[in-house]
Asks: 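Take this structure first; my questions come after.
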Amino acid sequence: MPVLSDAESETGIPKSLSNEPPSETMEEIEHTCPQPRLTLTAPAPFADESSCQCQAPHEKLTIAQARLGTPVDRPVRVYADGIFDLFHSGHARALMQAKTLFPNSYLLVGVCSDDLTHKFKGFTVMNEAERYEALRHCRYVDEVIRDAPWTLTPEFLEKHKIDFVAHDDIPYSSAGSDDVYKHIKEAGMFVPTQRTEGISTSDIITRIVRDYDVYARRNLQRGYTAKELNVSFINEKKYRFQNQVDKMKEKVKNVEERSKEFVNRVEEKSHDLIQKWEEKSREFIGNFLELFGPDGAWEAHYKLSPDRITFSSFARETTLESPTETDQRICKPGLELFCMDITFL
């Protein structure tokens, strides 16, 4: 068994020099490490296509040093790994936290292969190529490492010059270990992130399984075959019949809504017509009273020509005990009734 130096832990991972001051020579050393992406005009590169070839010594940083800031040519290299199946907002938020842990950080994201994932966790919806591509198009990712290891080794950390590992702080038991990040935590290289509640790959798969019939019918409508959906002949006929029933329900619903709209429009127009009729009725009655009342224009005119027409007028209240038929035709409660008798000579 090799003898470890004082600066190394039992796992072979260098310990953080938390009690040592920042290196005075850090700014004097010219680093050629890849820089964080500033203009997002292309997907993030793969690590095997643009690995860090910097020849300058990769000095270990403490969390305090990293948070104070590092020279521009020496970004803090943060590593986050996962399966990232059905890439969703919870994944993106975790990567955002990892990216913004330090002022000057370079985020490497490791994605496990299908073989490792199926062996230790289970079957995935997306294959490894699809999962790699999903990560490359996330704005927070600077570099993607394909076929990432399930458990991080000192050789892997040294190869990619990783300063810190970002992951949620919940112990992740897998591959026979109670916490696969235990040795990273002991080395002082672990930085926790927060999980996003209410969203996970398992939750999404649970929804699909729970509403399987709905999604099967949906895809049949979109042109997928029963064979592609792994649906039996009987279920296919059942789903298609249900789709037809739903279409009929939708048509009936649309007819009902249009009928309600028509009735509402008719009611509105009827209300407007009644209101206009009442206004016109009041106007007509007012004009009639103004013309034929005791002091109206007809009274004055025919008093001047008694040889042609005899005009007499009188007012009778609407509360008369025995109104005539003429009274009843135009009588309205609350109005005075003017009755005229005109006799032509």
Asks: Which pair of heavy atoms, one from Pro149 and one from Phe156, lies closest together, and at what distance?
Replies: CD-CE1, 3.4 Å
Asks: Would you check if there is a donor-acceptor pair between the side chains of Asp81 and Tyr181 at a distance under 3.5 Å?
Replies: yes
Asks: Which heavy atom of Ala47 sits nearest a heavy atom of Ile145, and at what distance?
Replies: CB-CG1, 3.6 Å
Asks: Write out all pairs satisfying salt bridge (charged side-chain N to carboxylate O under 4.0 Å, His left out) with one or both partners inside residues 188-212, taking only residues at least two apart or from two chains.
Replies: Asp168-Arg195
Asks: Output the rest of the hydrophobic cluster of Met248: all Ile, Leu, Val, Met, Phe, Trp and Tyr residues reachable through side-chain heavy-atom contacts under 4.5 Å, sorted by chain and number.
Replies: none
Asks: When you look at CD1 of Ile234, are more than 12 heavy atoms from neighbouring residues, nucleotides or ligands closer to it than 6.0 Å?
Replies: no
Asks: Are Phe84 and Ile205 connected in a single hydrophobic cluster, I mean Ile/Leu/Val/Met/Phe/Trp/Tyr linked by side-chain heavy atoms less than 4.5 Å apart?
Replies: no
Asks: Are any non-hydrogen side-chain atoms of Asp163 and Val78 less than 4.5 angstrom apart?
Replies: no
Asks: I would like to know whether Leu152 and Ile184 meet side chain to side chain contact (heavy atoms under 4.5 Å, CB included); could you show each step before the answer?
Replies: CA-CA 8 Å; Leu152 300 178; Ile184 303 295; 4.2 Å; yes
Asks: Applying salt bridge (charged side-chain N to carboxylate O under 4.0 Å, His left out), which residue pairs with at least one partner in residues 62-72 are found, sequence neighbours left out?
Replies: none
Asks: With sequence neighbours left out, what residues match His88 under ring-ring contact (aromatic ring centres under 6.0 Å, His included)?
Replies: His91
Asks: Quick check: are there more than 12 heavy atoms from other residues, nucleotides or ligands sitting under 6.0 Å from CG of Asn264?
Replies: yes
Asks: How far does CG of Leu107 sit from CG of Asp142, to the nearest 0.5 angstrom?
Replies: 6.0 Å
Asks: Taking it one step at a time, do Thr70 and Leu61 satisfy side chain to side chain contact (heavy atoms under 4.5 Å, CB included)?
Replies: CA-CA 10 Å; Thr70 57; Leu61 300 173; 3.9 Å; yes
Asks: Could you tell me the separation between the OG1 atom of Thr201 and the CZ atom of Phe87, rounded to the nearest 0.5 Å?
Replies: 10.0 Å
Asks: Side chains of Glu143 and Tyr106: is there a donor and an acceptor less than 3.5 Å apart?
Replies: yes
Asks: How many angstroms lie between CH2 in Trp150 and OH in Tyr172, if you round to the nearest 0.5 Å?
Replies: 4.5 Å
Asks: Got a second to check how far Leu95's CG is from Leu135's CG, nearest 0.5 Å?
Replies: 6.5 Å
Asks: How about NZ on Lys185, more than 12 heavy atoms from neighbouring residues, nucleotides or ligands closer than 6.0 Å, or not?
Replies: yes
Asks: Supply the atom-to-atom distance Leu101 CG to Met96 CE, rounded to the nearest 0.5 angstrom.
Replies: 10.5 Å
Asks: Who are the ring-ring contact (aromatic ring centres under 6.0 Å, His included) partners of Phe102, not counting sequence neighbours?
Replies: Phe164
Asks: So if you build clusters from Ile, Leu, Val, Met, Phe, Trp, Tyr with side-chain heavy-atom gaps below 4.5 Å, do Val214 and Leu229 land together?
Replies: no
Asks: So do Leu116 and Lys121 actually touch side chain to side chain, heavy atoms under 4.5 Å?
Replies: no
Asks: With rounding to the nearest 0.5 Å, note down the distance linking CG in Asp179 to CG in Asp169.
Replies: 8.0 Å
Asks: Give the intermediate values and the outcome of salt bridge (charged side-chain N to carboxylate O under 4.0 Å, His left out) for residues Glu133 and Arg136.
Replies: CA-CA 5 Å; Glu133 282 300 312; Arg136 293 186 69 199; 3.1 Å; yes
Asks: Are Val209 and Ile199 connected in the hydrophobic side-chain network, where two residues link if heavy atoms are under 4.5 Å apart?
Replies: yes
Asks: Can I get a per-line list of side-chain donor-acceptor pairs under 3.5 Å for residues 124-132, giving both atom names and the distance, sequence neighbours left out?
Replies:
{"from": "Thr124", "atom 1": "OG1", "to": "His118", "atom 2": "NE2", "distance (Å)": "3.4"}
{"from": "Thr124", "atom 1": "OG1", "to": "Met126", "atom 2": "O", "distance (Å)": "2.8"}
{"from": "Asn127", "atom 1": "OD1", "to": "Ala129", "atom 2": "N", "distance (Å)": "3.2"}
{"from": "Asn127", "atom 1": "OD1", "to": "Glu130", "atom 2": "N", "distance (Å)": "2.9"}
{"from": "Glu128", "atom 1": "OE1", "to": "Asp114", "atom 2": "N", "distance (Å)": "2.9"}
{"from": "Glu130", "atom 1": "OE1", "to": "Asn127", "atom 2": "N", "distance (Å)": "3.0"}
{"from": "Arg131", "atom 1": "NE", "to": "Met126", "atom 2": "O", "distance (Å)": "3.3"}
{"from": "Arg131", "atom 1": "NH1", "to": "Ile83", "atom 2": "O", "distance (Å)": "2.9"}
{"from": "Arg131", "atom 1": "NH1", "to": "Cys112", "atom 2": "O", "distance (Å)": "2.9"}
{"from": "Arg131", "atom 1": "NH2", "to": "Cys112", "atom 2": "O", "distance (Å)": "3.2"}
{"from": "Arg131", "atom 1": "NH2", "to": "Asp114", "atom 2": "OD1", "distance (Å)": "2.6"}
{"from": "Tyr132", "atom 1": "OH", "to": "Asp147", "atom 2": "N", "distance (Å)": "3.1"}

Asks: Please report the shortest heavy-atom distance between Tyr239 and Ala216, naming the atom on each side.
Replies: CE1-CB, 3.8 Å
Asks: Going by salt bridge (charged side-chain N to carboxylate O under 4.0 Å, His left out), name the residues that satisfy it together with Asp213, two or more places apart in sequence or in a different chain.
Replies: none
Asks: What residues form a side chain to side chain contact (heavy atoms under 4.5 Å, CB included) with Gln194, not counting sequence neighbours?
Replies: Gln97
Asks: If you look only at pairs with a residue in residues 229-239, which of them pass as a salt bridge (charged side-chain N to carboxylate O under 4.0 Å, His left out), with sequence neighbours excluded?
Replies: Glu236-Arg240
Asks: Please say whether more than 12 non-hydrogen atoms of neighbouring residues, nucleotides or ligands are located less than 6.0 Å from CZ in Arg93.
Replies: no
Asks: For Thr193 and Ala98, work out which heavy atoms get closest and say how close.
Replies: CG2-N, 4.2 Å
Asks: With Arg37, which residues qualify under salt bridge (charged side-chain N to carboxylate O under 4.0 Å, His left out), at least two apart?
Replies: none
Asks: Between Gln244 (side chain only) and Phe241 (backbone N and O only), is there a donor and an acceptor less than 3.5 Å apart?
Replies: no
Asks: Applying ring-ring contact (aromatic ring centres under 6.0 Å, His included), which residue pairs with at least one partner in residues 210-233 are found, sequence neighbours left out?
Replies: none
Asks: For residues Ser105 and Pro75, report the shortest heavy-atom separation together with the two atoms involved.
Replies: C-CB, 4.4 Å
Asks: Can you see which heavy atom on Ala226 is nearest to which on Leu220, and at what distance?
Replies: N-CD2, 4.1 Å
Asks: Could you give me the CA-CA distance, side-chain angles and deciding distance for Val111 and Arg146, then say whether side chain to side chain contact (heavy atoms under 4.5 Å, CB included) is met?
Replies: CA-CA 6 Å; Val111 184; Arg146 292 181 282 197; over 6 Å; no
Asks: Would you say Lys249 and Lys253 make side-chain contact, with heavy atoms under 4.5 Å?
Replies: no
Asks: Could you please spell out the steps behind the side chain to side chain contact (heavy atoms under 4.5 Å, CB included) verdict for Asp178 and Lys182?
Replies: CA-CA 8 Å; Asp178 293 335; Lys182 181 180 179 181; over 6 Å; no
Asks: For residues Val180 and Leu108: do they belong to one hydrophobic cluster (side chain heavy atoms under 4.5 Å, members Ile, Leu, Val, Met, Phe, Trp, Tyr)?
Replies: yes
Asks: A quick test of your reading: do over 12 heavy atoms of other residues, nucleotides or ligands sit less than 6.0 Å from CG of Asn254?
Replies: yes
Asks: Looking at residues at least two apart in the chain, or sitting in another chain, which of them share a salt bridge (charged side-chain N to carboxylate O under 4.0 Å, His left out) with Asp85?
Replies: none
Asks: Can you confirm whether Pro154 sits close enough to His183 that some side-chain heavy atom of one is under 4.5 Å from a side-chain heavy atom of the other?
Replies: no
